[in-house]
Amino acid sequence: MSAISMLNPKAEVARAGQALAVNIGGAKGIQDVLKTNLGPKGTMKMLVGGAGDIKITKDGNVLLHEMQIQHPTASLIARASTAQDDITGDGTTSTVLLIGEFLKQADLYISEGLHPRIITEGFDKAKEKALEILDSMKISISGDEKANILTNISATSLGTKVHPVLATQLTPLIVDAVQAVQIDNNPIDLHMVELMEMMHRSDMETQLVKGLVLDHGGRHPDMPKRLENCYILTCNVSLEYEKTEVNSGFFYKSAEDREKLVTAERKFIEDRVQKIIELKKKVCTKENGKTFVVINQKGVDPFSLDAFAKEGMMALRRAKRRNMERLALACGGQAMNSVDDLQEDCLGHAGLVYEHVLGENKFTFVEKCANPQSVTILMKGPNKHTLQQTKDAVRDGLRAVKNALEDGCVIPGAGAYEVATHVALKKFLESVKGRARLGIQAYADGLLIIPKVLAQNAGYDAQEVIVKLLEEGAVNPTVGVDCDSGEVIVPQDKGIYDNYRVKRQMINSCTVIASNLLLVDEIMRAGMSSLKG
């Protein structure tokens, strides 16, 4: 009888062998769910929410976030995998498969009486060796190859998330977007790529706007809808009448006094508007044919809008704060917090600003900027779930390109790294003494799950493909599986690359979690109940 049940007779306990069976069962369960999603030929899953809303996806991260997982081990693995996605943007499905397979392989030895601690020691040695091999397989991104490799890594990432035709369409947009926001050697801020959704037409019409798309339009019917060759003033100045902050009352003798008071209150705002209009008159003359756009973070009241409209200016109010940062980067100039020292050099410049109306929604496009360091990916699609799927894919694609640029290198994909590590670990076994060899053996066999599942999902016989891979792998260090033909290929020839940091993170986290789960010898549900009885 376990010690805990003497302390708490209501406790539910799973002891040694049983505890391990619970853990391995949970890992296998979640592995079987996600197995069919891996790779470009993976199948889709359809999730139906509580309210009947439907989501169709094969992105492991979305699935794990949206699924209700009740098994404690499975939910632990799911959390680890989604953390992997949050940090590196990819590798969720692979993480789940590897953890499940490591536990499965270890179970073969444990069921014959080997202690789990010995296996975990073998796992640690194998992990160090695997990381060494990872470093030896790096392909650095050099000048000539750079554009080609970035396109390929984006295509590899997107190919596993959306339809291949859509992936081909999105790839160049994503590479251009990341390169536009990369400023010298500063860290890349992906928030400077705005993702804007428009629900119309088809998802094949997704495009990259070298500028900004704002999700609101002008507020005055007489304002121009389209301006070319524009100066852009981004400001954070209130251009509307505001009540005083303290509760004050005014006393006046006659109606004239009241009029004076009202005009004085208005004048304060009118002066600000006048300063902006004066700047417009100074910089926009008939000769240079320039036009003027005001984009304000705070409100602009009807009188001020009217004054701007009379001057043929376009004014947008209540822009998002994030867009103020983006505007300054896209058009140049700087965001102004007061109208006192307005100069020509604080204005941005755009070749074209126009308003696009879609149903009840208005969008304002700021395009043809000279040197945009902030861009917009405009996603189109006929319905909500198509847009959502495209958005998830674009986000992962952006991160794949960003990771490659920051790492300065990539790794061959298509399961090549796993095969190479398997072959290297088998050689490494000969130099290891004692029972830790068994752990390394289990680790090496576990890694083969990735190429095995890639082949299965493409409709080929897993065993046959693995045999071919290992025969070739003994001779050539980088060989992967071709999902189109089921044959052995060199991934670089087909442009299949993976991110270095995704693989590194995966090897580290999978080994640690698999080891921890193996060392669990008792599972107790004896936590404090939330209702003290």
Side-chain angles (χ1 to χ4, degrees), residues 16 19-31 34-35 38 60-61 64-65 69 71-110 114-135 137 403 407 411 417-418 421-422 424-425 428-429 432 435-450 453 498-523:
L20 204 58
V22 168
N23 282 343
I24 291 172
K28 276 183 190 168
I30 195 165
Q31 181 192 27
L34 289 188
K35 206 182 223 176
L38 186 74
N61 183 40
L64 293 174
H65 266 304
I69 302 173
H71 192 292
T73 314
S75 88
L76 171 77
I77 295 172
R79 277 199 214 118
S81 311
T82 47
Q84 154 103 7
D85 189 279
D86 296 339
I87 295 167
T88 57
D90 208 350
T92 21
T93 315
S94 314
T95 307
V96 172
L97 291 187
L98 276 180
I99 294 174
E101 195 60 21
F102 285 161
L103 291 178
K104 228 187 234 177
Q105 295 295 340
D107 190 33
L108 297 175
Y109 295 103
I110 292 171
L114 186 67
H115 194 283
R117 171 64 72 187
I118 290 161
I119 289 195
T120 56
E121 281 169 10
F123 274 11
D124 286 345
K125 284 185 178 162
K127 179 182 89 172
E128 282 162 23
K129 186 71 181 164
L131 291 172
E132 274 173 37
I133 295 154
L134 184 65
D135 285 335
M137 288 180 79
N403 290 343
D407 289 336
I411 300 290
Y417 165 68
E418 285 79 6
T421 311
H422 175 87
L425 285 175
F428 175 57
L429 266 181
V432 176
R435 289 185 298 177
R437 295 177 65 147
L438 300 171
I440 298 172
Q441 174 104 22
Y443 196 93
D445 293 340
L447 282 170
L448 287 183
I449 184 74
I450 304 282
V453 171
D498 280 333
N499 277 130
Y500 168 73
R501 64 173 61 179
V502 172
K503 289 282 183 208
R504 192 186 61 209
Q505 177 73 14
M506 205 165 79
I507 290 295
N508 278 319
S509 64
C510 290
T511 315
V512 169
I513 290 167
S515 301
N516 283 346
L517 289 175
L518 282 174
L519 293 176
V520 169
D521 76 331
E522 193 159 3
I523 299 175

Can you tell me how far CD1 of Ile119 sits from CG of Leu438, rounded to the nearest 0.5 angstrom?
7.0 Å
Tell me, do Ile30 and Leu64 make a side-chain contact under 4.5 Å, heavy atoms counted?
yes
Point-to-point distance, once rounded to the nearest 0.5 Å, from CZ of Arg437 to CG of Leu425
12.5 Å
Would you name the heavy atoms of Gly100 and Ala27 that are closest together and state the gap between them?
CA-CB, 4.0 Å
Without hydrogens or angle criteria, can the side chains of Asn403 and Tyr500 be said to hold a donor-acceptor pair below 3.5 Å?
no
Looking at CD of Gln505 and CG of Asn499, how far apart are the two atoms once the value is rounded to the nearest 0.5 Å?
12.0 Å
Between Tyr443 and Thr511, a side-chain donor and acceptor under 3.5 Å
yes
Could you give the distance from CZ (Phe102) to CG (Leu518), rounded to the nearest 0.5 Å?
10.5 Å
Under the side-chain contact (heavy atoms from CB on, under 4.5 Å) test against Leu517, which residue among Ile24, Leu20, Val22, Ile77 passes?
Ile77
Between the side chain of Asp107 and the main-chain N/O of Leu103, is any donor-acceptor distance below 3.5 Å?
no
Walk me through it: do Lys503 and Glu418 pass the test side-chain contact (heavy atoms from CB on, under 4.5 Å)?
CA-CA 10 Å; Lys503 289 282 183 208; Glu418 285 79 6; 2.9 Å; yes
Kindly state each residue pair satisfying side chain to side chain donor-acceptor pair (under 3.5 Å) with at least one member in residues 91-101, sequence neighbours excluded.
Gln31-Glu101, Glu101-Gln105
Any side-chain to backbone donor/acceptor pair from His422 onto Ala444? Under 3.5 Å, distance only.
yes
Quick one: CZ on Arg435 to CG on Leu114, what's the gap to the nearest 0.5 Å?
6.0 Å
Does some side-chain heavy atom of Ile411 sit less than 4.5 Å from a side-chain heavy atom of Leu134?
yes
Between OG of Ser75 and CD1 of Ile69, what distance do you get to the nearest 0.5 Å?
6.5 Å
Which pair of non-hydrogen atoms, one from Gly26 and one from Ala74, has the smallest distance, and what is that distance?
O-CB, 3.9 Å
For residues 120-133, dump all side-chain donor-acceptor pairs below 3.5 Å to protein atoms at least two apart in sequence or in another chain.
{"unit_1": "Thr120", "atom_1": "OG1", "unit_2": "Arg117", "atom_2": "O", "d": "2.7"}

Passes side-chain contact (heavy atoms from CB on, under 4.5 Å), Asp498 versus Tyr417? Steps please.
CA-CA 9 Å; Asp498 280 333; Tyr417 165 68; over 6 Å; no
Taking side chain to side chain donor-acceptor pair (under 3.5 Å) as the test, write out the residues that go with Asn23, two or more places apart.
Thr73
